[in-house]
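Structure first, commentary second.
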Amino acid sequence: ISAPVTNGMTIRLVLTLMLASGGIAHVVDVKGAFLYGEFDDGEKIYIKIPKGFEEFYEEDEVLLLKKCLYGLKQAAMAFYRKLRAAASNIGLTRSSADPCLFYKWEGGRVVIMISWIDDNMIVGPSDMVMKLKSDLMKEFECDDCGELNEYIGNKIERVGEDAIRFVQTVLVQSFEDEFDLGNRCYNTPAQ
């Protein structure tokens with residue numbers, strides 16, 4: 001019932017490949033992702049009449065859902081199945097190592113898409129990234145978030161052509177707030 005989640009190591013490996021090949025990374029966010037999902041195996045889910053709609057129904061009536069809604073435990077997996085089908089329609093192959101990694105080889109070059117729920121990072125040569133973004137936006141209504149600059153609470157900064165810096169400003173701020181660190185400086189493994 002749970003949708004797969006990409007592995008942090010996969011993200012780091014793909015970003016390393018991007019740097020080594022001189023590629024780019026962009027993000028596309030699927031709008032209303034969980035509303036695309038459909039129930040599996042004839043599953044039926046009934047809900048109480050939502051607040052504000054009671055006047056249109058009898059007191060003892062319930063509604064049969066035809067599609068997933070946010071808040072259903074099935075919604076994430078139902079959307080993942082839709083995303084997997086869309087990736088296949090676009091010509092992407094799903095990785096056997098990470099179920100959230102999809103790729104496509106073309107003319108000796110590769111474009112990679114990694115999904116984390118409704119966000120999709122697309123990595124590769126500029127022309128292939130733009131084509132895959134366009135293809136994905138034909139499958140779903142999406143927001144083009146542009147170049148990758150954040151990943152699950154990490155700020156991502158490109159440092160020149162051959163390096164990336166991950167900065168966990170939100171986490172650091174939460175430590176400062178919780179432990180009253182003030183302006184003191186501490187050595188970290190990254191220094």
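Here the structure is a predicted model, which is why all the values come from computation and not from measurement.
- A distance of 13.5 Å separates CG in Asn120 from CD1 in Ile112, rounded to the nearest 0.5 Å.
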For side-chain contact (heavy atoms from CB on, under 4.5 Å), just list the numbers for Ile47 and Leu65, CA-CA rounded to whole Å, side-chain angles, deciding distance to a tenth of an Å, and then say yes or no. CA-CA 7 Å; Ile47 63 169; Leu65 291 179; 3.8 Å; yes
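- Across every non-hydrogen atom of Ala97 and Ser95, the tightest pair is N-OG, 2.9 Å.
- Taken from CZ in Arg158 to CG in Leu15, the straight-line distance is 9.0 Å, to the nearest 0.5 Å.
- Arg81 CZ: more than 12 foreign heavy atoms inside a 6.0 Å radius.
- A donor-acceptor contact shorter than 3.5 Å is absent between the side chain of Ser115 and the backbone of Ile117.
- Pairs engaging residues 59-94 under the ring pair (Phe, Tyr, Trp, His ring centres under 6.0 Å) rule: Phe34-Tyr70, Phe79-Phe140 [sequence neighbours left out].
- When all heavy atoms of Pro4 and Met77 are compared, the pair lying nearest together is CD-SD, 4.1 Å.
- Side-chain atoms of Glu157 and Val167, non-hydrogen and from C-beta on, do get closer than 4.5 Å to each other.
- The backbone N or O of Glu58 sits less than 3.5 Å from a side-chain atom of Glu61, completing a donor-acceptor pair.
- Under the 3.5 Å distance criterion, the side-chain polar atoms of Asp143 are left unmatched by any main-chain donor or acceptor of Cys145.
- Counting heavy atoms from C-beta outward, His26 and Leu148 have side chains that stay 4.5 Å or more apart.
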Let's go through Met113 and Leu132 carefully: what are the C-alpha distance in whole Å and the side-chain angles of both, what is the deciding distance for side-chain contact (heavy atoms from CB on, under 4.5 Å) to 0.1 Å, and is it a yes or a no? CA-CA 9 Å; Met113 181 177 84; Leu132 182 51; 4.1 Å; yes
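- Between Phe166 and Ile156 there is a side-chain heavy-atom pair separated by less than 4.5 Å.
- Interatomic distance, Lys67 NZ to Tyr36 OH, rounded to the nearest 0.5 Å: 9.0 Å.
- With values rounded to the nearest 0.5 angstrom, Asn89 atom CG is found 12.0 Å from Arg84 atom CZ.
- Contact check for Ile114 versus Ile11: side-chain heavy atoms found under the 4.5 Å cut-off.
- With hydrophobic clusters built from ILVMFWY side chains whose heavy atoms lie under 4.5 angstrom apart, Val14 does not share a cluster with Met9.
- Summarising the geometry, atom CG belonging to Asn154 is positioned 4.5 Å from atom CD belonging to Gln168; distances are rounded to the nearest 0.5 Å.
- For the pair Tyr103/Leu92, no side-chain contact is recorded, criterion being any heavy-atom separation below 4.5 Å from C-beta on.
- Contact between Pro125 and Val110 at its shortest, heavy atoms only, is CD-O, 3.3 Å.
- Note on Leu35: it clusters hydrophobically with Phe53, by side-chain heavy-atom contacts below 4.5 Å among ILVMFWY residues.
- Taking the charged nitrogens against the carboxylate oxygens, Asp127 and Arg109 do have a contact shorter than 4.0 Å, which makes a salt bridge.
- In terms of heavy atoms, Ile24 sits closest to Ser126 at CD1-CA, 3.7 Å.
- No side-chain heavy atom of Leu13 sits under 4.5 Å from any side-chain heavy atom of Met18.
- Counting non-hydrogen atoms of neighbouring residues, nucleotides and ligands closer than 6.0 angstrom, the NZ atom of Lys48 reaches no more than 12 such neighbours.
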Can Val28 and Asp119 be said to form a side-chain contact (heavy atoms from CB on, under 4.5 Å), step by step? CA-CA 6 Å; Val28 174; Asp119 293 322; over 6 Å; no
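- Between the side chain of Lys104 and the backbone N or O of Ile90 there is at least one donor-acceptor pair closer than 3.5 Å.
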For Val111 and Glu106, run side-chain contact (heavy atoms from CB on, under 4.5 Å): C-alpha distance rounded to whole Å, both residues' side-chain angles, the deciding distance at 0.1 Å, then the answer. CA-CA 8 Å; Val111 64; Glu106 216 171 76; over 6 Å; no
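- Side chain of Asp118 to main chain of Lys31: no donor-acceptor pair is present (N/O by atom type, distance under 3.5 Å, no hydrogens or angles).
- The backbone N or O of Met130 sits nowhere less than 3.5 Å from a side-chain atom of Ser134 that would complete a donor-acceptor pair.
- Using a 4.5 Å heavy-atom threshold, the side chains of Tyr57 and Leu63 count as touching.
- When every heavy atom of Cys68 is checked against every heavy atom of Ala78, the shortest pair comes out as SG-CB, 3.6 Å.
- Inter-residue side-chain proximity for Glu139 and Leu83 is flagged as unmet; no heavy-atom pair is nearer than 4.5 Å.
- Placement of Val30 and Val5 in two distinct hydrophobic clusters is found when ILVMFWY residues are connected by side-chain heavy-atom separations under 4.5 Å, directly or transitively.
- Remark: side-chain polar atoms of Thr10 are not paired, donor with acceptor, to backbone N or O of Thr6 under 3.5 angstrom.
- Panel note: side chain Glu54, backbone Gly52; a donor-acceptor pair is recorded below 3.5 Å.
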